[in-house]
**Q** 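Got a structure for you, questions after.
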Amino acid sequence: MTKQSVVVPEPPMIAPAAVPSGAVQLFPPPRSGGGGGASVGKKKYMGHLEVGSGGGRVNAWLDSMRASSPTHARAAVALAPSPDAADEVDAWTRKHPSALEMFDEIVRAWKGKQIVMFMDYDGTLSPIVDEPDKAYMSEAMRAAVKGVASYFPTAIVSGRCRDKVYNFVQLAELYYAGSHGMDIKGPTNAWKQHKAINKTKAKAKSVLFQPASEFLPMIDEVYKALIEKTKAIEGSKVENNKFCVSVHFRRVEEKKWSALAEQVRSVMKDFPKLRLTQGRKVLEVRPTIKWDKGKALEFLLESLGFANCNDILPVYIGDDRTDEDAFKVLRERGQGLGILVSEYPKETNASYSLREPKEARTVMQFLQRLVEWKSNSNSLNARARVFPSSPHAKDDR
Ligand SMILES: O=P(O)(O)OC[C@H]1O[C@H](O[C@H]2O[C@H](CO)[C@@H](O)[C@H](O)[C@H]2O)[C@H](O)[C@@H](O)[C@@H]1O
């Protein structure tokens, strides 16, 4: 039987960097009994599908569109539930254990650290739906995020434009990094909320950062051109995300994907300062500047006054390829925790995983446990102040 790889290749294909010696090791070591190395599929796909001329490039886009389609991945597992496939899933799970199942172990390593939370929106806080404008988050999820933000500085990092993601989340106390981190804004009252934020080191009272503002007219232009060129392709949808544009193909019949890719290519050739990346059934057109969700994470840590702190613990939860940039930053810093939300094994730089059921329940449960843990440890600390000799005295910030 042909070996069926169930680990979906995901760009960028970056080997996880080693954790520098002496750094706090929050990446889980492989558990006993497993090699920890899930094999990857044979094809390697580019992280950024840079636009070039010629049909070959469109074929590469098409390959990538197909490879990233969860329908294909699920079908592969369903059609070939071989022992090899099961072994691969097990190996992947050992390498990226469930952050919920490992919660107690994880928080043990967090003692004394200042947690900073980063979360992607679509597919992480809200379920993936056919209509992008209807990707609402549940009230229960909103309450969980609010709870987290009451204890830790919290940011939403999304490919969507900042206003749109704010309208979905509706929590004024958060930091929002829209357009893949190219539009960052913080709450004005963060200072009052979090003792942890270092007021002397933090950069500005209210963060606002837009590294791609000069691209605004170009983005408007490409948006109009993409609408015009793709209007004949049924099911396609072009979304203006202010500093980037999304071309959705979730509702386009697969036999028309190639025509869609060709139309997008024909527009992109006139915009050499823009590049194309890919998310979940979406092509994303963005400026060529070296800025991504990973850079946004670093920028926010710096703005909060945590740039060179050893005792912080950034936690990033995300489901998409663009979140890999943030996972990679955490790996390279040897600091923090990347959690991939996924229904099936994928190549990732994240160290932990959360299974993605349709209602994004596991993410919510993880956030709720975090709040519960923090609230309990605060109570223990309060008791320890009253009864200093208590054996339960803790030092969780
Ligand atoms: O960084 P994110 O917050 O994950 O944003 C990435 C893209 O998310 C949205 O598209 C995705 O979710 C839609 C609603 O569930 C779904 O229909 C689509 O297929 C997904 O790709 C958003 O609409 C895009 O603009 C973002 O780029």
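Order of appearance sets the numbers: ligands from 1, and atoms from 1 within every ligand.
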**Q** With heavy atoms of V282 as the reference, note each atom of ligand 1 found under 4.0 Å away.
**A**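 Those of ligand 1 that fall under 4.0 Å from V282 are 21 (O).
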
**Q** Give the atoms of ligand 1, by number and element, whose distance to some non-hydrogen atom of D130 is under 4.0 Å.
**A**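 Ligand 1 atoms under the 4.0 Å threshold to D130: 17 (O).
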
**Q** Show the nearest heavy-atom pair for residues W291 and H180, with the distance to one decimal.
**A**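 So the minimum-distance heavy-atom pair works out to CD1-O, 4.2 Å.
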
**Q** side-chain hydrogen bond (donor to acceptor under 3.5 Å, both in side chains), that's the test. Do T362 and E356 meet it? Break it down for me.
**A** CA-CA 7 Å; T362 52; E356 175 209 43; over 6 Å; no

**Q** Has ligand 1 got any nitrogen or oxygen that is less than 3.5 angstrom from a nitrogen or oxygen of G159?
**A**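 Checking ligand 1 against G159, an N or O pair does fall under 3.5 Å apart.
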
**Q** Which residue holds the protein heavy atom closest to atom 22 (C) of ligand 1, what is that atom called, and what is the gap in Å?
**A**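 Checking every protein heavy atom, the shortest distance to atom 22 (C) of ligand 1 gives E239 OE1, 3.4 Å.
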
**Q** What do we get for V165 next to ligand 1 when only non-hydrogen atoms under 4.0 Å count, side chain, backbone, both or neither?
**A**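 None of V165 does.
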
**Q** Take atom CD in E234; do more than 12 heavy atoms of anything else shown fall under 6.0 Å from it?
**A**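 For E234, atom CD is not crowded (no more than 12 foreign heavy atoms under 6.0 Å).
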
**Q** In the protein, what heavy atom is nearest to atom 10 (O) of ligand 1, and what distance, to one decimal place, separates them?
**A**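 Looking only at protein heavy atoms, the one closest to atom 10 (O) of ligand 1 is H248 CE1, 3.4 Å.
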
**Q** Quick one: does S158 get an N or O within less than 3.5 Å of an N or O on ligand 1?
**A**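 Yes, S158 has an N/O under 3.5 Å of an N/O on ligand 1.
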
**Q** Are W61 and W257 an aromatic pair by the rule of ring centers under 6.0 Å?
**A**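 That pair fails the under 6.0 Å test.
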
**Q** Report yes or no: does a heavy atom of P127 sit under 4.0 Å from some atom of ligand 1?
**A**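 Judged by the 4.0 Å heavy-atom criterion, P127 does count as contacting ligand 1.
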
**Q** Between K95 and D90, does any NZ, NE, NH1 or NH2 come within less than 4.0 Å of an OD or OE carboxylate oxygen?
**A**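 The answer is no: the pair does not qualify as a salt bridge.
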
**Q** Does any N or O of ligand 1 fall below 3.5 Å from an N or O anywhere on D320, backbone included?
**A**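 Min N/O separation from ligand 1 is not below 3.5 Å for D320.
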
**Q** Just jot down the ligand 1 atoms closer than 4.0 angstrom to any heavy atom of S246, in number order.
**A**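 It comes down to these atoms of ligand 1: 24 (C), 25 (O), 26 (C), 27 (O).
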
**Q** Are any of the N or O atoms of R250 closer than 3.5 Å to those of ligand 1?
**A**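 So ligand 1 has an N or O lying under 3.5 Å from an N or O of R250.
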
**Q** Just need the protein heavy atom nearest to atom 26 (C) of ligand 1, so name the residue and atom and give the distance.
**A**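 That would be E284 OE2, 3.7 Å.
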
**Q** Ignoring hydrogens and geometry beyond distance, is a side-chain donor-acceptor pair present between Q263 and T230 at under 3.5 Å?
**A**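 No.
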
**Q** Under 3.5 Å, is there a donor-acceptor pair between the K293 and T322 side chains?
**A**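 Result is yes, a qualifying pair exists.
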
**Q** Taking the six-membered ring where the residue is Trp, are the ring centres of F243 and F215 under 6.0 Å apart?
**A**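 For F243 and F215, the ring centres are not under 6.0 Å apart.
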
**Q** Can you tell me if T277 and R286 form a side-chain donor-acceptor pair at under 3.5 Å?
**A**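 Short answer, yes.
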
**Q** Specify side chain, backbone, both or neither for C244, according to which of its non-hydrogen atoms lie closer than 4.0 Å to ligand 1.
**A**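 No part of C244 is near ligand 1 at this cut-off.
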
**Q** What part of K293 sits under 4.0 Å from ligand 1 if we count only heavy atoms: the side chain, the backbone, both or neither?
**A**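 The answer is the side chain of K293.
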
**Q** Looking only at protein heavy atoms, which one is nearest to atom 4 (O) of ligand 1, and how far off is it?
**A**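 Minimum-distance protein heavy atom for atom 4 (O) of ligand 1 reads D120 OD1, 2.7 Å.
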
**Q** Looking at ligand 1, does any of its N/O atoms fall within less than 3.5 Å of an N/O of A135?
**A**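 Such a contact does not occur with ligand 1.
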
**Q** Purely on distance, is any nitrogen or oxygen of R280 under 3.5 Å from one on ligand 1?
**A**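 Yes, since at least one N or O of R280 sits under 3.5 Å from an N or O of ligand 1.
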
**Q** Please state which protein non-hydrogen atom is closest to atom 17 (O) of ligand 1 and give its distance, to 0.1 Å?
**A**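 That would be V129 O, 2.5 Å.
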
**Q** Would you call K242 and D163 a salt bridge, taking side-chain N to carboxylate O under 4.0 Å as the test?
**A**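 No salt bridge links K242 with D163.
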
**Q** Show your reasoning for whether side chain to side chain contact (heavy atoms under 4.5 Å, CB included) applies to Q335 and L313.
**A** CA-CA 6 Å; Q335 186 182 50; L313 197 131; over 6 Å; no

**Q** Could you verify whether a donor N or O on one side chain and an acceptor N or O on the other, from N241 and S179, lie under 3.5 Å apart?
**A**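 N241 vs S179: no donor-acceptor pair found between side chains.
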
**Q** Heavy atom under 4.0 Å from ligand 1: found in D122's side chain, backbone, both, or neither?
**A**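 It is both parts that get close, each with some atom under 4.0 Å.
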
